[in-house]
Amino acid sequence: MDTNSENRAFGGVQGVYTHASDVCGCDMTFGLYMPPREGPVPLLWYLSGLTCTHENAMNKAGAQTWCAEHGVAIVFPDTSPRGEDAADDEAYDLGKGAGFYVDATEDPWAPHFKMWSYVTDELPKLLFRNFALDEERQGITGHSMGGHGALTIAMAHPDRFASVSAFAPIANPTGSDWGKKQLLAYLGSDETAWRRHDSSVRMLEVGFDGPVLIDQGASDQFIDLLRPEALADAIATRRQPATMRLQKGYDHSYFFVSTFMEDHVAFHAEALHA
């Protein structure tokens, strides 16, 4: 693992690191903020959305100030494999920057697009081996495509994550053009393989045994693609304890994310320090 940069921030350290990923078959870069507290400290995962790298949320979401206050580390993984060997597409919503947090099984994506395994297996092992982090105290959040990833990963690993939240998640990808296209490309035409990557479907099937917080901008320009109503229906049908807030006037941008980041970090900190 190579250290690209380490900067003092709110008494802690914001680092950027690169390592060779066996899972993705390329070099991967992530950001990690360590708060000014003796470790091991709890870890909050932040999964970013379409077109993002590790930098977007790290630089725009304003999470570090609240993570420093609550004594929580936060990691910002990339959203897809990178490099010349990784397949790509001209569209912004497929290929590099659009890994969708799945393990691709279809060509040309299968050799490198293994973001599910990267986020749930390879990167955690690297983090807990190299930093003073508490593996027993983890939460997960994300925005848009990353909110989709956070919810589906949390429901697949309920013993790992104490809490889950999401900002404007792609809530029903099997029923949306933000999902059908990518799941078909990455996973093939067997739609049964898509179900584990749809948070509305998984909410109905398994739910989450822990606190859930979801914020959605009411003026989000992509709200018809995100389908928050499908997730709300699933929560109500399962009678899943959750807080789902429709925020008047807010759109899909990082202005929205940064506005409510304090709430989300405090929400996770309460669960992680319990």
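Position 1 is the first residue of the sequence, and the numbers go up from there. All figures in this text were calculated on a predicted structure; none of them were measured in a lab.
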Quiz prompt | Carboxylate-amine/guanidinium proximity below 4.0 Å for Glu122 and Lys114 | solution = no

Exercise. Using modelled atom types only, decide if a donor and an acceptor are shared between the side chain of Trp194 and the backbone of Gly188 within a distance under 3.5 Å.
Key: yes

Quiz item: Would you call Pro81 and Phe113 a side-chain contact if the rule is heavy atoms closer than 4.5 Å?
Solution: yes

Exercise. Would you confirm whether Asp233, through its side chain, and Ala230, through its main-chain N or O, come within 3.5 Å as a donor-acceptor pair?
Key: no

Quiz item: Looking at Arg195 and Val201, what are the two nearest heavy atoms and their distance?
Solution: NH2-CG1, 3.5 Å

Practice problem: Using the rule that two of Ile, Leu, Val, Met, Phe, Trp, Tyr join whenever any of their side-chain heavy atoms come within less than 4.5 Å, decide whether Val41 and Leu123 are in one cluster. | Solution: yes

Quiz item: Donor-acceptor pair, Lys60 side chain versus Phe255 backbone, under 3.5 Å?
Solution: no

Practice problem: For Glu135, check side-chain contact (heavy atoms from CB on, under 4.5 Å) against everything at least two apart and list the hits. | Solution: Phe128, Gln138

Quiz item: Out of curiosity, does Trp178 fall in the hydrophobic cluster containing Val102 (side-chain heavy atoms, cut-off under 4.5 Å, transitive links)?
Solution: yes

Exercise. Taking the six-membered ring for Trp and the single ring otherwise, decide whether the centroids of Tyr101 and His197 are under 6.0 Å apart.
Key: no

Quiz item: Can you check whether Asp93's main-chain N or O pairs, donor with acceptor, with Gln182's side chain at less than 3.5 Å?
Solution: yes

Practice problem: Could you tell me which residues satisfy salt bridge (Lys or Arg N to Asp or Glu O under 4.0 Å) with Asp88, sequence neighbours excluded, listed by chain and number? | Solution: none

Exercise. Please determine, by modelled atom types, if Ser117 and Asp103 share a side-chain donor-acceptor pair under 3.5 angstrom.
Key: yes

Self-check item: Thr18-Thr29 side chain donor-acceptor pair, cut-off 3.5 Å
Solution: yes

Quiz item: Going from CD1 on Ile140 to CD1 on Ile153, what distance comes out if it is rounded to the nearest 0.5 angstrom?
Solution: 4.5 Å

Practice problem: Look at Asp198 together with Arg202 and state whether they make a salt bridge at an N to O cut-off of under 4.0 Å. | Solution: no

Quiz item: Could you walk me through whether Phe260 and Tyr250 pass the ring-ring contact (aromatic ring centres under 6.0 Å, His included) check?
Solution: CA-CA 11 Å; Phe260 299 102; Tyr250 284 90; 5.0 Å; yes

Exercise. Establish whether Phe208 and Leu231 are linked, either directly or via other cluster members, by ILVMFWY side-chain heavy-atom contacts under 4.5 Å.
Key: yes

Exercise. May I ask you to check whether His143 and Phe222 place their ring centres under 6.0 Å from each other?
Key: no

Quiz prompt | Pair Phe30 + Tyr118: ring centers closer than 6.0 Å | solution = no

Exercise. Find out whether Trp109 and Leu94 are in side-chain contact, i.e. whether some heavy atom of one side chain is under 4.5 Å from a heavy atom of the other.
Key: yes

Quiz prompt | Asn130, CG: over 12 other non-hydrogen atoms inside 6.0 angstrom | solution = yes

Practice problem: To the nearest 0.5 Å, tell me how far Cys52 SG sits from Tyr46 OH. | Solution: 7.0 Å

Quiz item: Between Gln64 and Val13, is there a donor-acceptor pair closer than 3.5 Å when you use the side chain of the first and the backbone of the second?
Solution: no

Quiz item: Counting only heavy atoms not in Glu106, do more than 12 fall under 6.0 Å of its CD?
Solution: yes

Quiz item: Just by modelled atom types, is the Leu226 backbone N or O under 3.5 Å from a matching donor or acceptor in the Ser176 side chain?
Solution: no

Quiz item: Any side-chain heavy-atom pair from Thr79 and Leu50 closer than 4.5 angstrom?
Solution: no

Exercise. Kindly give the heavy-atom pair with the smallest separation between Pro35 and Ala68, and that separation in Å.
Key: CB-CA, 4.1 Å

Quiz item: Is there a donor-acceptor pair closer than 3.5 Å between any side-chain N or O of His273 and the backbone N or O of His70?
Solution: yes

Practice problem: Output yes when a side-chain donor or acceptor of Ser165 lies under 3.5 Å from a complementary backbone atom of Thr141, and no otherwise. | Solution: no

Quiz item: Is there side-chain contact between Asp121 and Lys125, with at least one heavy-atom pair below 4.5 Å?
Solution: yes

Quiz item: Looking only at atom types and distance, does a side-chain atom of Asp89 sit under 3.5 Å from a main-chain N or O of Gly95, one as donor and one as acceptor?
Solution: no

Practice problem: Decide whether Leu47 and Val212 are clustered together by the hydrophobic rule: side chain heavy atoms of Ile, Leu, Val, Met, Phe, Trp, Tyr closer than 4.5 Å, transitively. | Solution: yes

Exercise. Using a 4.5 Å cut-off on heavy atoms from C-beta on, say whether the side chain of Trp45 contacts that of Leu127.
Key: yes

Quiz item: Heavy atoms, side chains only, cut-off 4.5 Å: are Thr152 and Trp116 in contact?
Solution: yes

Exercise. Using atom types as modelled and distance alone, determine if a side-chain donor or acceptor of His148 lies under 3.5 Å from a backbone N or O of Ala171.
Key: no

Self-check item: Summary of side-chain hydrogen bond (donor to acceptor under 3.5 Å, both in side chains) pairs that have at least one residue in residues 215-229, sequence neighbours excluded
Solution: Asn172-Arg227, Asp215-Arg245, Asp215-Gln247, Asp215-His264, Gln216-Asp220, Asp220-His252

Quiz item: Should Phe167 and Met203 be counted in the same cluster of Ile, Leu, Val, Met, Phe, Trp and Tyr side chains packed under 4.5 Å apart?
Solution: no

Quiz item: Between Cys24 and Met115, is any pair of side-chain heavy atoms under 4.5 Å apart?
Solution: yes

Exercise. Evaluate the side-chain proximity of Leu43 to Ile74: yes if any heavy-atom separation is below 4.5 Å, no if none is.
Key: no

